[in-house]
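See structure below.
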Amino acid sequence: MDRRFPPTRLLTVLTGAVVAALIAGGIAVAATGRDSGHDHADHAHLDTASGLLVTTRSDLRMCVEAGPRSDAPDSVRTVLLTALDRARQAPGWSGAYGRFGYDPATAVHLGCPAPALPERYDRTVLAGPGLTDDPSAYRVWVYVLDDPTADRVLGPDRPAGAGTAELMREAGNLFPVSTALLVRQSRFADPTALAQDLREALGLEPRAPDQIG
């Protein structure tokens, strides 16, 4: 297993605060997802040496819920791929994702399999299916919010926020294995700003304290 990207950094940068809050707070996420409690040879397992976080993913993929912007799929895909290209310039990219395939043709999927928005954003926010023993192919779930929705969910002064889309149980603990990125339309339209959000969502940079999901 490739250890070039320290396991503790991946979990600390991306998911540490969420794991602690979920475990300490005893949030009942089981009802939001699937957890059979069984283990099979082909079952997904946590992989802390990989930016993809689970053994069943072989390349970086993201899904995006674009709301009213979904009528312009090429524009949505282009903006997200442009921001991802800039995010890939982060020093940690090679260690976390460099050994995996990256194909622009498949990296962005329009529409997430279980779209769900929280009522409001906080440090333990869940946006997506929640607890699962079968994580999706999508490492990042992007939700593009119009201003009224962003004001309601994120708050009027927050341009973006990251939390958890999927969690998996491993060795009796819960670990976030997919990030939910909630972002205003105006922020999404700025590839430079969006690249910063993606770097944080991908675990390539630590978030500012008020941005930790």
Side-chain angles (χ1 to χ4, degrees), residues 12-22 24-25 27-29 31-33 53 61-73 75-84 86-87 90 108-131 136 138-167 174 176-213:
T12 299
V13 167
L14 176 66
T15 66
V18 179
V19 173
L22 287 170
I27 292 178
V29 297
T32 69
L53 295 179
R61 300 193 183 201
M62 302 181 293
C63 66
V64 55
E65 284 289 330
R69 295 177 64 99
S70 60
D71 61 351
S75 175
V76 170
R77 183 180 285 107
T78 297
V79 170
L80 196 49
L81 286 174
T82 299
L84 181 58
R86 297 182 184 183
V108 175
H109 179 82
L110 297 176
C112 293
L117 287 175
E119 288 301 312
R120 67 181 182 87
Y121 177 83
D122 60 27
R123 291 172 64 87
T124 61
V125 69
L126 286 171
L131 185 63
S136 73
Y138 307 116
R139 174 62 179 77
V140 178
W141 299 44
V142 181
Y143 297 83
V144 184
L145 311 180
D146 58 29
D147 281 336
T149 304
D151 286 346
R152 174 177 60 82
V153 175
L154 294 172
D157 298 324
R158 185 186 292 272
T164 300
E166 297 173 292
L167 303 103
L174 298 179
V177 293
S178 299
T179 304
L181 177 61
L182 287 70
V183 57
R184 288 180 182 269
Q185 285 184 353
S186 57
R187 176 83 165 188
F188 185 85
D190 181 350
T192 299
L194 185 59
Q196 173 65 31
D197 299 329
L198 287 177
R199 283 193 292 269
E200 295 168 352
L202 290 165
L204 298 173
E205 291 184 5
R207 298 187 189 101
D210 66 345
Q211 292 288 319
I212 296 175

So do [Y] and [X] actually touch side chain to side chain, heavy atoms under 4.5 Å?
{"X": "Tyr138", "Y": "Ser178", "result": "no"}
{"X": "Arg152", "Y": "Glu119", "result": "yes"}
{"X": "Leu53", "Y": "Arg139", "result": "yes"}
{"X": "Val76", "Y": "Phe188", "result": "yes"}
{"X": "Val64", "Y": "Leu80", "result": "yes"}
{"X": "Leu126", "Y": "Leu167", "result": "yes"}
{"X": "Leu84", "Y": "Met62", "result": "yes"}

What closest approach, in Å, do [X] and [Y] show between heavy atoms, and which atom pair accounts for it?
{"X": "Gly161", "Y": "Leu154", "result": "N-CD2, 3.9 Å"}
{"X": "Trp141", "Y": "Pro113", "result": "CH2-CG, 3.5 Å"}
{"X": "Ala189", "Y": "Pro191", "result": "O-CD, 3.3 Å"}
{"X": "Gly163", "Y": "Thr179", "result": "O-CG2, 3.4 Å"}
{"X": "Ala180", "Y": "Tyr143", "result": "CB-CE1, 4.2 Å"}
{"X": "Val144", "Y": "Ala66", "result": "CB-CA, 3.9 Å"}

To the nearest 0.5 angstrom, please state how far the [atom1] atom of [X] sits from the [atom2] atom of [Y].
{"X": "Thr82", "Y": "Arg77", "atom1": "OG1", "atom2": "CZ", "value": "12.0 Å"}
{"X": "Arg184", "Y": "Leu194", "atom1": "CZ", "atom2": "CG", "value": "14.5 Å"}
{"X": "Arg187", "Y": "Leu181", "atom1": "CZ", "atom2": "CG", "value": "9.0 Å"}

**OP:** Show your reasoning for whether side chain to side chain contact (heavy atoms under 4.5 Å, CB included) applies to Gln185 and Asp147.
**Re:** CA-CA 7 Å; Gln185 285 184 353; Asp147 281 336; 5.9 Å; no
Subject >> Any donor-acceptor N/O pair, Glu166 side chain to Ser136 backbone, under 3.5 Å >> reply: yes
Subject >> Side-chain (Glu65) to main-chain (Cys112) donor-acceptor, under 3.5 angstrom >> reply: yes
Original post:
Residues in side chain to side chain donor-acceptor pair (under 3.5 Å) with Thr149, at least two apart?
Top reply: Asp146
Subject >> Partners meeting side-chain contact (heavy atoms from CB on, under 4.5 Å) with Pro118 (sequence neighbours left out) >> reply: Val125, Ala127, Val153, Leu182
